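Here is the structure we will look at.
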2 protein chains.
Amino acid sequence: MPGSASKKAAASKAADRAYAEIRSLILAGDASPGTPLREEALADIVGVSRTPIRDALRRLEAEHYAFRTPGGRLVVAEWDVDDVAEMFALRAMLEGHAAARAAQRITAAQLDSLRQCNAAIEAAIAQPTPDIARFLGENRRFHDLVLNASASARLVAMLASLVEQPIVRRTATRYDRADLARSAHEHGQLIQAFAAHDEEWARAIMTAHIRRALHAFQDASPSK
Amino acid sequence: MPGSASKKAAASKAADRAYAEIRSLILAGDASPGTPLREEALADIVGVSRTPIRDALRRLEAEHYAFRTPGGRLVVAEWDVDDVAEMFALRAMLEGHAAARAAQRITAAQLDSLRQCNAAIEAAIAQPTPDIARFLGENRRFHDLVLNASASARLVAMLASLVEQPIVRRTATRYDRADLARSAHEHGQLIQAFAAHDEEWARAIMTAHIRRALHAFQDASPSK
DNA sequence: GCATGGTGTTTTGTATACAATAAGGCCCGA
DNA sequence: TCGGGCCTTATTGTATACAAAACACCATGC
């Protein structure tokens, strides 16, 4: 019923399939950073003509999954440590802002959804071996719910290009059980702040929540 | 030499012309909020085929100049007071962040450019009747220079959709001489903060600078 | 050896034709 | 008079053909 806050308004069938397919190629690492994204080759892979491929590539470019060389060629973007830190910093600011807005606007029903979602997260963690995939899915859903409660289409769009990057995935994969539990605990505090409609409390918790993720990533990161 | 920080990588000739032309239609108010943007009609106006028009419209959609109806139609977006406040809030956060980054990274040459730019702004104000157009151009350039000094392509892209909206223009048009002088003074303080490489000082001034603009807009705003 | 210019190939940009789908009107029945 | 289901038409989505531009390569001259 809530759908996904980050899904763009579905326009067409082929262009959407192309977008999803190319994006998953990038996220899965099948198209590693620096790989050129040639329209005709992608058209063959996806099984559509170049026209919807071009649409999809424009979207991916706008979301910084790829960038354009001085000529017109598109290549898969790569993120160095500074980029990643910057992305987390922006996410912390914007999601903190979203949390503050949500605290003012959230409804009882939305609060319930958040509680149920976090319960699912805790269930995923509680298993003998934590269910990381389920954790990721529900975690994403939790943040989407907050974003929806913030009621700002602009925020939703801006964060779309920040949240689903491979980095988020890699970070959570490195989490041990204590990290996962801490994450769920922070969600719980966030729910309290929402229930109290205390926007600055919500902002602070969300900011801390994401900045902790940054440092978890940096600690797990190999070098530099 | 600095170009404009908000210009996207020029891809093609016709698509860029289409983008610029359609956008100026929107900004000038010739296409008022709610007006449908039909591809073929625009193709006739610009004098190119639908293909580059579609490219241009996708960009405008991504930058929230237009939005898509439940069907696939694009219409010119409109901004109510809440939207405007939200835009200013986001701008304040993001440009504050840019200023903080710039304070850490700025070079002597970049500082000189900023000083020259603000001198031009003061000159524009000092005239018997302040030269608003010149003020706007140089003001835009000042903020672009700061953005460049922040050295974050992501920030530049995110702010692009926030800064050139009609609201900014309308706001400055309402400024009286004292407002304009205050703006220039704040720029001067920002330069001091940059020279001292004090990132939190820079962030605070930039945040205040933009939030003041928000309230200037709201005060000048007719109703509600 | 190195720069330089030209040429062929690859890749993207644009135009156009056609298909699919959504919007709006019309008729009909209750 | 209102509502619901077709049917027409307007509008977007997709495919394909062609044009323009960029790249790579090689040859050529110094």
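If you're wondering where the values come from, they're calculated on a predicted model, not measured in any experiment. In the text below, chain A, chain B and the rest are named by the order of the sequence lines, each starting its count at 1.
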Checklist entry - Does any N or O in the side chain of R23(B) come within less than 3.5 Å of the main-chain N or O of L60(B), such that one atom is a donor and the other an acceptor? => result no
Checklist entry - Between T51(B) and dT14(C), does any side-chain N or O lie under 4.0 Å from OP1 or OP2? => result no
Item to check | Rounded distance in Å - CG (D44(B)) to P (dT16(C)) | outcome: 11 Å
Next on the checklist: Is it true that, when you exclude R134(A) itself, more than 12 heavy atoms of the residues, nucleotides or ligands shown sit nearer than 6.0 Å to its CZ?
Outcome noted: yes
Checklist entry - Rounded to the Å, how far apart are E40(B) CD and dA15(C) C1'? => result 13 Å
Next on the checklist: Using the side-chain heavy atoms of S49(A), tell me which of these nucleotides is nearest: dT11(D), dA15(C), dT14(D).
Outcome noted: dT14(D)
Next on the checklist: Test your reading of the model: is there a side-chain donor-acceptor pair from N118(B) to the backbone of F142(B), 3.5 Å cut-off?
Outcome noted: no
Detail all sub-3.5 Å separations between protein N/O atoms and N/O atoms belonging to nucleotides 18-26 of chain D.
none

Checklist entry - Looking at D144(B) and R141(B), does any basic side-chain N land under 4.0 Å from a carboxylate oxygen? => result no
Checklist entry - Counting only side-chain N and O atoms of R68(B), is one of them less than 4.0 Å from OP1 or OP2 of dG13(D)? => result yes
Checklist entry - Base, sugar-phosphate, or nothing: which does L37(A) touch, judged by heavy atoms less than 4.0 Å apart? => result sugar-phosphate
Item to check | Nucleotide nearest R54(A) (side chain, heavy atoms from C-beta), chosen from dT14(C), dT12(D), dT14(D) | outcome: dT14(C)
Item to check | Check ion pair D16(B)-R59(B) (N to O, under 4.0 angstrom) | outcome: yes
Item to check | Nearest-angstrom distance from the residue atom CD1 of I53(B) to C1' of dT14(C) | outcome: 12 Å
Checklist entry - Taking atom CD of E63(B) and atom CZ of R154(A), what is their separation to the nearest 0.5 Å? => result 10.5 Å
Checklist entry - How close or far is atom C1' of dT9(C) from atom CZ of R38(A), stated in whole angstroms? => result 13 Å
Checklist outcome for this item: Rounded to whole Å, the CD-P distance (E39(B) to dT16(C)) equals 15 Å
Checklist entry - Okay, side chain of S32(B), backbone of G29(B): is any donor-acceptor separation there less than 3.5 Å? => result no
Next on the checklist: How many whole angstroms separate atom CG of D16(B) from atom P of dG13(C)?
Outcome noted: 10 Å
